[in-house]
Q: 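Supplied in structure tokens, the structure appears directly below.
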Protein chains: 2
Amino acid sequence: MNSRTALAELPQIERRTLSETTYDALSDLLASGRLAPGDRLSLRQTAAALGVSVMPVREAVSRLVADGALEVAPNRAVRVPIMSAAGFRALAETRMAIEGMAASRAAAQRSQGQLAAIRRAEAAFRLLAESERPDGARAVALNRDIHFAVYAACGLDPLREIIARLWLKAGPIINLDLRAHPARLERGSAVRRHAEVLAAIEARNGPAAAAAIAADIDDAAQFILSRGGLRDEPS
Amino acid sequence: MNSRTALAELPQIERRTLSETTYDALSDLLASGRLAPGDRLSLRQTAAALGVSVMPVREAVSRLVADGALEVAPNRAVRVPIMSAAGFRALAETRMAIEGMAASRAAAQRSQGQLAAIRRAEAAFRLLAESERPDGARAVALNRDIHFAVYAACGLDPLREIIARLWLKAGPIINLDLRAHPARLERGSAVRRHAEVLAAIEARNGPAAAAAIAADIDDAAQFILSRGGLRDEPS
DNA sequence: GCTAGTGATGTGTGATCACAGTTAGGGCCG
DNA sequence: CGGCCCTAACTGTGATCACACATCACTAGC
């Protein structure tokens, strides 16, 4: 047992399956809005693009279908769901309720370190939004960072996972829009809401944090609905 | 086109894949507590039991793993997760917050028909709980019925789906206990809480409905924690 | 007597093949 | 020239095979 101590220092080899890697890749595509509602997805084509067999893609897609982030049409074609305006409104309302609750708990429970992480994320987003010609893709990523820095501070892991899934469903709509029209940032509404969230969490003011997060979500939802890109009638 | 009207009356043939059927079968096993935490699941064995190939089972299991209702150990063994006491507490707290919120919305928005459905479910559960020798399996099913009758009335489909997933995670613990010890019903706490929920929803009293649902969840959680079947230290 | 190595068995994962079904396009007939 | 049909390519689903790995019982060695 001479090497007992040396062995203890070995890092665990992380074992990732191809399915997981594929799932992450597709999730990222969806969450960042690079896959738009209505886009079709071929198992074989994506498998070829990733350099794997169809098997891992099947498992990843079936998980995303279970999450509601993808759907298989009765034609058996896999595509990004086209949400009705009513469906989008219900999703936004659910997000306001749940993410607001998470923000409220975060305000009450956050540690110093978590607060610092939120501060950093907020500063990074503000810096980008106020720059000359904001990059849509980066804005999407930084917006996600700040939101999840807040949700990580709520202390309830299951709640954080639930929110991650909600973002997967809303991502293609929200972020496609933000990607395509980063000019929306110039209205400054997002920056203002984020500042309100940060201030409320600093002050340990739960209701204010919930209201600010809900307002942030509502602002974006109203903006997208007002643009009228979503159909009103379910097919 | 003489038969246009006749054709219009034909019900859609529902196309279910074997994967979905398998998923439902396994979900039912989990939700009803017939699969206990720690139980291992072999793909080949369950495939043989269901009379299908391993493929559908793989997809169903991978979805359940994504939901957190199953887990694959680093040994590559599929099993029902063994939750720590802390994890169970976090899950219960999340449920109290989310399901309470759903109940509150249900109180505000319920239609007459939905209210009637809740009444029927509550009556059925009460009848069983007050019977001589209550059947554990039936109690599990009826308890589920009443809760989801409430959540169906909240008007937010995404919220209902989230709760269904939470139940999948909590099912093995909660319902294994209720199945094994239906005598718990004799304490009457569940019946009382359900009555409170119903009364609050009848009176369109949102906060009271949320409190009653949260209390119902908390009662069961405290009871199970007090029994001490869950380990305190994560392995 | 106890530990370390070795084999058989079963595990999940991934690739490949087979199939029913759909879709799109080109050629034939009116 | 326009409409229909038929074919060929492609879709997801399911089965089967191949493989690396984990587990457990067993035996040989110290």
Side-chain angles (χ1 to χ4, degrees), chain A residues 1-4 6-7 10-27 29-30 35 37-82 235, chain B residues 1 10 12-26 29-30 35 38-82 235:
Chain A
M1 302 299 156
N2 47 7
S3 57
R4 170 72 58 97
L7 260 54
L10 278 179
Q12 283 268 66
I13 294 181
E14 68 171 314
R15 305 160 51 126
R16 290 180 59 78
T17 64
L18 289 182
S19 299
E20 290 177 61
T21 311
T22 306
Y23 178 82
D24 289 346
L26 290 181
S27 298
L29 249 53
L30 283 165
L35 277 176
D39 280 1
R40 284 222 299 266
L41 210 60
S42 158
L43 295 189
R44 287 173 175 81
Q45 283 176 20
T46 60
L50 272 69
V52 298
S53 150
V54 294
M55 275 295 325
V57 180
R58 279 173 69 171
E59 293 211 12
V61 165
S62 80
R63 279 174 58 180
L64 289 165
V65 168
D67 290 345
L70 290 177
E71 69 176 7
V72 298
N75 325 334
R76 292 185 158 172
V78 177
R79 62 175 189 183
V80 183
I82 299 179
S235 66
Chain B
M1 304 297 158
L10 278 180
Q12 283 269 67
I13 293 181
E14 67 172 313
R15 304 161 52 129
R16 293 182 59 78
T17 64
L18 288 181
S19 299
E20 291 178 62
T21 311
T22 305
Y23 177 83
D24 289 346
L26 290 181
L29 249 53
L30 284 166
L35 277 176
D39 280 2
R40 283 222 299 267
L41 212 59
S42 158
L43 295 189
R44 287 173 175 82
Q45 284 175 20
T46 61
L50 272 70
V52 298
S53 152
V54 295
M55 275 297 321
V57 180
R58 278 174 69 172
E59 293 211 12
V61 165
S62 80
R63 280 174 57 179
L64 288 166
V65 168
D67 290 345
L70 290 177
E71 70 177 6
V72 299
N75 327 333
R76 293 184 159 173
V78 177
R79 64 175 188 182
V80 183
I82 299 179
S235 67

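Numbers restart at 1 for each chain; the letters A, B, ... are given by sequence-line order, proteins then strands.
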Q: Considering only heavy atoms, which members of residues 53-70 of chain B lie under 4.0 Å from some atom of DNA chain C?
A: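 Under 4.0 Å from DNA chain C: B:Arg58.
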Q: Which of these passes side chain to side chain contact (heavy atoms under 4.5 Å, CB included) with A:Thr22: A:Leu50, A:Thr17, A:Thr46, A:Leu64?
A: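 The single option meeting the side chain to side chain contact (heavy atoms under 4.5 Å, CB included) with A:Thr22 is A:Leu50.
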Q: Distance from B:Arg16 atom CZ to B:Asp24 atom CG, nearest 0.5 Å?
A: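 With rounding to 0.5 Å, CZ (B:Arg16) is 4.5 Å from CG (B:Asp24).
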Q: Find the distance B:Leu41:CG to C:dT11:P and express it as a whole number of Å.
A: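 Rounding to the nearest Å, CG of B:Leu41 and P of C:dT11 are 11 Å apart.
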Q: With nearest nucleotides of DNA chain D determined for B:Arg40 and A:Val78 from heavy-atom distances, which residue corresponds to the more 5′ nucleotide?
A: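 Comparing both residues, the 5'-ward one is A:Val78.
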Q: What is the distance from atom CG of B:Leu29 to atom CG of B:Leu35, rounded to the nearest 0.5 Å?
A: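 It is 4.5 Å, given to the nearest 0.5 Å.
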Q: Report for the helix from C:dG1-D:dC30 to C:dG30-D:dC1: angle between first-end and last-end helix axes, five pairs each, rounded to 10 degrees.
A: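 Taking the rotation axis at each end, their angle is 10°.
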Q: When B:Leu41 is tested against each of B:Val80, B:Val57, B:Leu26 for side chain to side chain contact (heavy atoms under 4.5 Å, CB included), which residue passes?
A: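 It is B:Leu26, the one option of B:Val80, B:Val57, B:Leu26 that forms the side chain to side chain contact (heavy atoms under 4.5 Å, CB included) with B:Leu41.
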Q: Specify the separation, in whole Å, of atom CG of B:Leu43 and atom P of D:dC21.
A: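 That distance rounds to 18 Å.
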Q: Are A:Val78 and A:Arg40 packed together at the side-chain level, in the sense that at least one heavy-atom pair is separated by less than 4.5 angstrom?
A: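 With C-beta onward as the side chain, the pair stays apart.
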Q: Roughly how far, to the nearest 0.5 Å, is the CG atom of A:Asp67 from the CG atom of B:Asp67?
A: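 B:Asp67 atom CG to A:Asp67 atom CG measures 7.0 Å (nearest 0.5 Å).
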Q: Quick one: are A:Ser62 and B:Ser62 in side-chain contact, heavy atoms under 4.5 Å?
A: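 A:Ser62 vs B:Ser62: side chains touch.
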Q: Strictly below 4.0 Å: does A:Arg15 bring a side-chain N or O up to OP1 or OP2 of D:dA22?
A: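 Answer is yes, contact under 4.0 Å.
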Q: OP1 or OP2 of D:dC10 less than 4.0 angstrom from a side-chain nitrogen or oxygen of A:Gln45, does that happen here?
A: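 A:Gln45 to D:dC10 OP1/OP2: no side-chain N or O under 4.0 Å.
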Q: Please report the interatomic distance CZ(B:Arg79) to CG(B:Leu70), rounded to the nearest 0.5 Å.
A: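 Between atom CZ of B:Arg79 and atom CG of B:Leu70 there are 11.0 Å.
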Q: What's the verdict on side-chain contact (heavy atoms from CB on, under 4.5 Å) for B:Met55 and A:Met55, showing C-alpha distance, side-chain angles and the deciding distance?
A: CA-CA 10 Å; B:Met55 275 297 321; A:Met55 275 295 325; 3.8 Å; yes
Q: Is there a side-chain contact between B:Glu71 and B:Val65 (heavy atoms, below 4.5 Å)?
A: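 Counting from C-beta outward, B:Glu71 and B:Val65 never come under 4.5 Å.
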Q: Please work out which residues in residues 17-24 of chain B have a non-hydrogen atom less than 4.0 Å from an atom of DNA chain D and list them by number.
A: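 Residues of residues 17-24 of chain B that come under 4.0 Å of DNA chain D are, in numerical order, B:Thr17, B:Leu18, B:Ser19.
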Q: Does any non-hydrogen side-chain atom of A:Glu20 lie less than 4.5 Å from one of A:Glu59?
A: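 SC-SC contact between A:Glu59 and A:Glu20 ruled out.
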Q: Measure from CZ on A:Arg79 to P on D:dG12 and round the result to the nearest Å.
A: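 From A:Arg79 CZ to D:dG12 P: 13 Å.
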